[in-house]
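Read through the structure below, which is laid out as structure tokens, and then see the notes.
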2 protein chains.
Amino acid sequence: MKKYNEEDALLFIVAANLKKIRSHKGLTQEELGFRSGISKNYISDFERGRRNITIKVFQRLIEGLEVEPQDLLTL
Amino acid sequence: MKKYNEEDALLFIVAANLKKIRSHKGLTQEELGFRSGISKNYISDFERGRRNITIKVFQRLIEGLEVEPQDLLTL
DNA sequence: ATGTGACTTAAAGTCCGTA
DNA sequence: GTACGGACTTTAAGTCACA
């Protein structure tokens, strides 16, 4: 498991949920990127905790995944 | 009511909720800024829909307000 | 299908001041 | 107590070539 700071807690929760839900839905990073208008590299970075996304990007990811905001926030 | 783009929907929901909860708790922008380590100007800007905050800042605001993430996302 | 480094540009976020 | 502006520094957005 990756080590993370307290200040990054929510970020890592969102990233982990994104990765889990994305694969459960059978989507690749590239496909999700296409659906949400975000580069696959960026999604890769985010899932590994290397990006601090904005709310706008968060919304686009949710829409691409077809889930609700809270689905990415709940542990 | 302020006009906003579809792509800003979540942002405006969060901003409106922040403002509402903050005042209900009797906190000023400055006090919330102090608690969450964010400048009062930035909070003012955000509440008026002029800023696209990151997840890290979102987390700090939540902690400063002492609420749960979903409290800022639910309409 | 995903991870990484390096990169440019756009925007996040601060601080000063005024009203 | 909040809104708004200018000037500023730091970081996120977004892409690319390649492993």
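Note that the structure is predicted; figures quoted are calculated from it, not measured. Chain letters run A, B, ... following the sequence lines, proteins first and then strands; every chain starts at 1.
End-to-end axis angle for the helix from C/dG3-D/dC18 to C/dA19-D/dT2, using five pairs per end and rounding to 10°, comes out at 40°.
When rounded to the nearest whole Å, the span between CG of A/Leu11 and P of D/dT11 equals 14 Å. In this structure, B/Gln29 places its CD atom 11 Å from P of D/dC4, rounding to the nearest Å. If you take CZ of B/Arg51 and P of D/dG5, they are 12 Å apart, rounded to a whole angstrom.
The environment of NZ in B/Lys20 is sparse: at most 12 heavy-atom neighbours from other residues, nucleotides or ligands sit within 6.0 Å.
The C1' atoms of C/dT2 and D/dA17 are separated by 15 Å, rounded to the nearest whole Å. With both ends at atom P, the span from D/dC18 to C/dA1 equals 22 Å, rounded to whole Å.
Side-chain N/O atoms of B/Ser44 include one lying less than 4.0 angstrom from OP1 or OP2 on D/dA3. Proximity of B/Arg50 to the phosphate of D/dG5: a side-chain N or O atom is located under 4.0 Å from OP1 or OP2.
No side-chain N or O of B/Gln59 forms a donor-acceptor pair with one of A/Glu7 less than 3.5 Å apart.
A donor-acceptor pair under 3.5 Å is formed between the side chain of B/Asp71 and the backbone N or O of B/Glu68. Judged by distance alone, with hydrogens and angles left aside, the side-chain atoms of A/Asn17 form a donor-acceptor pair with the main-chain N or O of A/Thr74 at under 3.5 Å.
Protein chain A contacts DNA chain C from C/dA1 to C/dG5, reading 5' to 3' and using non-hydrogen atoms of the protein with a distance under 4.0 Å.
Side-chain N/O atoms of B/Asp45 and base N/O atoms of D/dC4 include no donor-acceptor pair closer than 3.5 Å.
Contacts between residues 53-73 of chain A and DNA chain D, defined by a heavy-atom separation below 4.0 Å, involve A/Ile53, A/Thr54, A/Val57, A/Arg60, listed by number.
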